[in-house]
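A short write-up of the structure that comes next.
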Amino acid sequence: MSTTIKTNAKPVLIMKEGSGADTVKDSQLNSIAAARAVSEVMKSALGPKGMDKMLVNKFGDIIITNDGRTILQEMELQHPVAKMIVDIARTVDDEVGDGTTSSVVVAGELLGKAEELIKKGIHPTIIVEGFQKAAEKALETLESIAWSVNVEDEGVLKKIAATSMASKIVSSYKEHLSEIIVSAIFSVEKKVDGKCKVDLDDVMIEKKLGESLASTKLINGIVVTKEVVYPAMPKSVEKAKIALIGSALEIKKAQFDSKLVIYDPDQVEELIEQEELIIKGIVDKIAGTGANVIISGEDLDKKAHYFLAKKGILTVRRVKKSTMEKLSKATGGKIITNIDIITEKDLGHADLVEERCMGGDKMVFVEGCKNPHSVAILIRGANQRIVDEAERSIHDALCVVRDVVQEPKIVAGGGAPELEAARAIKKFGITLTGKEQLAALSYADALEVVPRILTENAGLNSIDILPQLRSLHEAGDKWAGMNVLDGKIQDMKQLEVYEPLSVKTQIIKSATEAVSMILSIDEILATGKVKEKPPADKETKEAARQAALNAMF
Ligand code: ADP
Ligand code: MG
């Protein structure tokens, strides 16, 4: 297809034939429908009573999760506007780490309201303006109802972590995990100009199958999920000087095919001796720096085991790159790729490096690192899916506690802040004129989707409950919300369902931004140009163009 303008005479072609340009009739409504379809999928996942999704890829790999970003990322979306919904979840996750499902659900609801307004003949530009004014009012309201907390108040921080995990598979262990999460944040936080700063890179998350989530532990240092390579090596080294090696400790093979012809059996022995000498030379070089521990990201020649054991060097090999980087940061050691230039200055330091047995598996713990702001959470669980989902949930909980220590303002959840914001927008909306007022009032209705879906996911009737909640808010009960666990309306602040203010504001900002962008699109044009890496040949290019067009229409 191509873009044409019909005149009285012949149609005029305005884009190159075959370039894939196209206009879409009712394109706005199409885009809205695509984006809403995605958000609709997410509704049933919202809140503590929300359901999980089982994601199965073409190889049959399974992920079971409630994490908004993961669900959206794994769905193979094609429509370009539907993909914009995934971006909302990504932004919210990157900025604050929680609230992904809410942001997508709110965006979907806003688009639904926009659709009704477009059908009534209101221009999208007016809708966008109305929505943006309403969003400002919502942000202002959230700021005004939020309260400040003491960043050292362990109790409050644990409640925040627990609220974030309430909606996950791990919720039965939320007390134990909250304790670990808050201790982890306390260990890695730094004070900069009187303010707390947390770099979540300092918290290492390691997973090991076995036992149960109740055995998940906080380790004051780094965990290397490998064992010491050779039984005769020491299993525990105090005041460790650690060489972090990034290259294989073995004899380099020639890069090209080569043959070595040996005529005399003695030469075989000589050759082995030569190889041993080279390996011994490498070991001597490292040992010469004073290193008593070697942690290598690569493999290790078997011949080196004996020499290293003889020198009393605890050695671990084939360690993950991400762990090597964490070790480098924590111990202050450099990752060495050229053994010839290793010096004492390159070594990292830790009070103790020790191999321990955990649930039948041996692991190496690096504790009391030079940089004390390094901890590890070792997740244990009965199966891979549980430990994977626990990792995602722990990540969210770490993020919310970090958010609060960095910006110590919180609100209560259960739909209460959304109801309060909606009430304020409705009051403010009356002051707007004409169509903008309609848009702002629709925005308020859309925000109520949070308490509505929380209620519906708990199997309760939102038609009965929402009006009661609205009346309570009208009467000044600003924390009235839905306690979905007991199925009744309650004061969410008293119930101590706490959430960071920053998560709530980010949901509003990201959803409004994306919806405004979607509403500002009036046509989708398939272009022939590809930004990155052009397809190799003409056929692939044509296939890519066709795929893009099919995705859209
Ligand atoms: P998101 O990805 O948006 O964080 P969740 O599935 O984690 O989605 O659900 C978050 C919502 O669940 C928030 O609105 C939060 O206030 C609410 N929530 C958490 N715990 C409770 C509770 N005990 N009662 C009612 N609502 C709760
Ligand atoms: Mg959440």
Side-chain angles (χ1 to χ4, degrees), residues 201 204 221-222 224-262 267-355 364-366 368-371 374:
D201 271 351
M204 176 188 193
I222 304 272
V224 182
T225 49
K226 299 276 174 193
E227 53 187 284
V228 172
V229 291
Y230 192 58
M233 284 175 183
K235 298 286 156 47
S236 173
V237 174
E238 281 181 25
K239 295 207 171 24
K241 292 187 198 165
I242 310 162
L244 298 171
I245 308 292
S247 58
L249 289 187
E250 56 193 6
I251 294 167
K252 287 192 190 91
K253 303 258 178 327
Q255 299 229 325
F256 41 86
D257 278 345
S258 56
K259 260 188 200 159
L260 185 67
V261 185
I262 292 169
Q267 280 180 312
V268 178
E269 222 160 89
E270 209 174 292
L271 191 74
I272 293 170
E273 269 170 24
Q274 282 296 325
E275 280 192 356
E276 276 183 358
L277 267 178
I278 297 173
I279 295 284
K280 188 171 179 296
I282 297 174
V283 171
D284 285 346
K285 180 81 195 156
I286 302 175
T289 60
N292 48 16
V293 172
I294 293 179
I295 300 180
S296 169
E298 300 284 336
D299 213 345
L300 189 69
D301 195 303
K302 279 224 165 74
K303 292 184 203 79
H305 295 180
Y306 166 74
F307 295 121
L308 289 164
K310 224 172 133 196
K311 294 219 178 275
I313 299 178
L314 183 159
T315 310
V316 189
R317 65 174 171 165
R318 291 196 201 140
V319 176
K320 274 189 290 182
K321 193 165 171 248
S322 58
T323 309
M324 291 298 288
E325 281 160 7
K326 289 228 154 68
L327 279 165
S328 168
K329 194 170 173 199
T331 63
K334 249 199 217 156
I335 301 175
I336 303 294
T337 45
N338 182 359
I339 307 288
D340 293 338
I341 55 169
I342 189 170
T343 70
E344 198 189 338
K345 278 196 203 132
D346 300 323
L347 303 181
H349 298 266
D351 291 342
L352 180 68
V353 175
E354 190 170 55
E355 182 187 77
V364 172
F365 293 75
V366 181
C369 297
K370 191 177 168 193
N371 169 12
S374 300

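Every heavy atom of this structure was used, including side-chain atoms; hydrogens, water molecules and symmetry mates were not. Numbers here simply count residues along the sequence, with the first being 1.
Counting heavy atoms from C-beta outward, K226 and V364 have side chains that stay 4.5 Å or more apart. With contacts defined as side-chain heavy-atom distances shorter than 4.5 Å, the pair Y230/L308 does not qualify. At a threshold of 4.5 Å between non-hydrogen side-chain atoms, the residues H349 and T331 do not count as touching. At a threshold of 4.5 Å between non-hydrogen side-chain atoms, the residues I282 and D301 do not count as touching.
Looking at residues two or more places apart in sequence or on another chain, you find no side-chain hydrogen bond (donor to acceptor under 3.5 Å, both in side chains) involving K370. Taking F365 as the reference, nothing meets the ring-ring contact (aromatic ring centres under 6.0 Å, His included) condition, with sequence neighbours excluded. Every residue two or more places apart in sequence or in another chain that forms a side-chain hydrogen bond (donor to acceptor under 3.5 Å, both in side chains) with K311 is listed here: D284. Listed by chain and residue number, nothing satisfies the side-chain hydrogen bond (donor to acceptor under 3.5 Å, both in side chains) test with E355 (two or more places apart in sequence, or in another chain).
To the nearest 0.5 angstrom, K239 atom NZ is 7.0 Å from D351 atom CG. Once rounded to the nearest 0.5 Å, the distance linking OG of S374 with NZ of K326 reads 9.0 Å.
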Point to revise | Evaluation steps, side chain to side chain contact (heavy atoms under 4.5 Å, CB included), between L327 and V224 | key: CA-CA 9 Å; L327 279 165; V224 182; 4.1 Å; yes
Practice item. Just do the side chain to side chain contact (heavy atoms under 4.5 Å, CB included) check on V353 and V316 with the steps written out, would you? Key: CA-CA 11 Å; V353 175; V316 189; 6.0 Å; no
Exercise for review: Decide yes or no on side chain to side chain contact (heavy atoms under 4.5 Å, CB included) for T289 and D346, but give the supporting numbers first.
Suggested key: CA-CA 9 Å; T289 60; D346 300 323; over 6 Å; no
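Annotation: F307, atom CZ; neighbour count of heavy atoms from other residues, nucleotides and ligands within 6.0 Å is above 12. The environment of NZ in K302 is sparse: at most 12 heavy-atom neighbours from other residues, nucleotides or ligands sit within 6.0 Å.
Heavy-atom minimum distance, P234 versus V228: O-CG1, 4.2 Å. The nearest pair of heavy atoms linking L347 to G290 is CD1-C, 4.2 Å. Nearest approach of I313 to A287, heavy atoms of both residues: CD1-CB, 3.9 Å. C369 and V366 get closest at one heavy-atom pair: SG-O, 3.7 Å.
Looking at K321 and E325, a side-chain N of the basic residue comes within less than 4.0 Å of a carboxylate O on the acidic one, giving a salt bridge.
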Review item, side-chain donor-acceptor pairs of residues 292-299, under 3.5 Å, at least two apart:
unit_1: N292; atom_1: OD1; unit_2: K241; atom_2: N; d: 2.6
unit_1: S296; atom_1: OG; unit_2: E298; atom_2: N; d: 3.0
unit_1: S296; atom_1: OG; unit_2: E298; atom_2: O; d: 3.1
unit_1: D299; atom_1: OD1; unit_2: R317; atom_2: NH1; d: 3.0
unit_1: D299; atom_1: OD2; unit_2: R318; atom_2: NH2; d: 3.1

Which pairs of donor and acceptor atoms, one on a side chain in residues 334-344, lie under 3.5 Å apart (sequence neighbours left out)?
unit_1: N338; atom_1: OD1; unit_2: D340; atom_2: N; d: 3.1
unit_1: T343; atom_1: OG1; unit_2: K345; atom_2: N; d: 3.3

